[in-house]
Protein chains: 2
Amino acid sequence: MESEELSTEEKILKAAMEVFLRDGYDGSRMQDIADVAGINKALLHYYFRSKDKLFEKVFDFKIQSFFPQVDAAFDQEGLFIDKITFFIEAYIHFLRKNPFLPLFVLNTVNNKEKANFIKKIPIGIAHKIIPRYYADLKEGKVRPLDPVQFIMTVMGMCVFPFLAKPIFVSMLKIEDHNFDMIMEARINELKAYVKLILTP
Amino acid sequence: MESEELSTEEKILKAAMEVFLRDGYDGSRMQDIADVAGINKALLHYYFRSKDKLFEKVFDFKIQSFFPQVDAAFDQEGLFIDKITFFIEAYIHFLRKNPFLPLFVLNTVNNKEKANFIKKIPIGIAHKIIPRYYADLKEGKVRPLDPVQFIMTVMGMCVFPFLAKPIFVSMLKIEDHNFDMIMEARINELKAYVKLILTP
DNA sequence: TAATGGTTTAATCATTTGGTTAAACTTGAT
DNA sequence: ATCAAGTTTAACCAAATGATTAAACCATTA
């Protein structure tokens, strides 16, 4: 079970991701990360200098594991609605594999001391998808609405159940694997919603 | 500006709400809370014994400031869609006044050490609104769908912009008061969405 | 084999932090 | 005025925690 082939630096990063995502920045302890990595605590500082620097590396890595996928979804040709439905599927699949990432990112961008981390989040995506909406609108292929509000809505629809998972699991008296099934079923449910909203 | 008329206990609770909601449990310092309250740190322990106990009081208070409103929205007579639109308006107005509450609650319920706090969240609401959906469905007044998925969706649509506010403010290059206006406009936008989704 | 440079470790440090304590202060009743 | 009870304060404590250091270890190379 030991990841013997990883370098010390990789072991640290892997452990830091696990601990930071689970416990948050303030709730994480360097000793915990060292324990999870199975190495001496001093090595964390040897390779990453400080807790802050290590956290930033984790944040960078996680952001870059996510946004290229979103970019891919929006880059491809097709109607606005097709980009959105593609996004929903890709996003929910990503979230099923990375259920703690949303809370991690939201805590970071809402942390006053880490406000500058916001600029690490690529925002080019919005500028790519919104023109596509107006192009379709001009051709009457989509219902008139505020695309910014709509994008907020789609993101919220996808992310929120993962953020509030403990509440829903308790509320619905279900097990983890049930939740997973509900999220898989959610993909088509959300596709139906956006179709109803967007179809003129 | 000093709240001279408040009792010491009330000053502490008020300060604790401000600090815990802004910095989170792990990020908050008892000394910070004392400073905000303008009192000696030992008084925090005199009145609330420990950081844990004080936090629990804050959580209880905040939960009870929110859920009665939701209950009220769902309690009144009317069609499923009317309850939902009423909820959207009440919820967004509440969030505009309590923008940090969602992240606070989500962090708490996702914190392993505070997992038992979940039971403090009233869940009777769901059991009240879902039968109403099926009643309307039987009369053909609402489109067939999974009401659980739909409720998740409505909550996500409302909450997510507040959770991700720093990202959107940066992305859209807007000021705080602009965000507020967008949230006010969002009420009708969301009402339109749910009408499109629910109307058969 | 001996020297060199990078890596790992145990021990240690300084600071922060939640919590305690004993004394001082305030207030209301007698 | 005096006493008693509750309230407030400054000083202090012990544990935790991020960070440093000096020595030990290991592998490569001359």
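The figures that follow rest on heavy atoms only: side chains count, while hydrogens, waters and symmetry mates do not. Keep in mind that what you see is a predicted model, and the values were worked out from it rather than measured. Below, chain A is the first sequence line, B the second, and so on; all start at residue 1.
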Exercise. Just by protein heavy atoms under 4.0 Å, how would nucleotides 12-25 of chain D read 5' to 3' in B, S and -?
Worked result: -----SBBBB----
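If you look at B/F104 and B/F20, their ring centroids are not closer than 6.0 Å.
Here the P atom of nucleotide C/dG19 and the CD1 atom of B/I12 are 13 Å apart, to the nearest Å. A straight line from NZ of A/K11 to P of C/dT7 spans 14 Å, rounded to a whole angstrom. Atom CD1 in B/I39 sits about 14 Å away from atom C1' in D/dA10, given to the nearest Å. Rounded to an integer number of Å, the gap from CG of B/D35 to P of D/dA10 is 12 Å. Put simply, CG on B/L43 is 14 Å from P on C/dT26, counting in whole angstrom units. Here C/dG18 presents its P atom at 8 Å from CD1 of B/I33, a figure rounded to the nearest Å. Taking atom CZ of B/F48 as the reference point, atom P of C/dG18 lies 16 Å away to the nearest angstrom.
With sequence neighbours excluded, the residues satisfying side-chain contact (heavy atoms from CB on, under 4.5 Å) with A/N188 are A/K191. Scored by the ring pair (Phe, Tyr, Trp, His ring centres under 6.0 Å) test, A/Y47 finds no partners at all (sequence neighbours excluded). For A/I63, the side-chain contact (heavy atoms from CB on, under 4.5 Å) partners at least two apart in sequence or on another chain are A/F59, A/F67, A/V105, A/I121, A/P122.
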Atom pairs and distances, donor-acceptor, side-chain atoms in residues 168-181 of chain A, under 3.5 Å, two or more places apart:
{"from": "A/D176", "atom 1": "OD2", "to": "A/K165", "atom 2": "NZ", "distance (Å)": "3.4"}
{"from": "A/N178", "atom 1": "OD1", "to": "A/E175", "atom 2": "N", "distance (Å)": "3.3"}
{"from": "A/D180", "atom 1": "OD2", "to": "A/R96", "atom 2": "NH2", "distance (Å)": "3.0"}

Throw together a table of side-chain donor-acceptor distances under 3.5 angstrom for residues 33-45 of chain A, partners on residues two or more places apart or in other chains.
{"from": "A/D35", "atom 1": "OD1", "to": "A/Q31", "atom 2": "NE2", "distance (Å)": "3.0"}
{"from": "A/N40", "atom 1": "OD1", "to": "A/A42", "atom 2": "N", "distance (Å)": "2.8"}

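The side chain of A/T8 contributes an N or O atom lying less than 4.0 Å from OP1 or OP2 of C/dT8.
Backbone-only engagement by A/Y47 is indicated by non-hydrogen atom pairs under 4.0 Å involving sugar-phosphate atoms exclusively.
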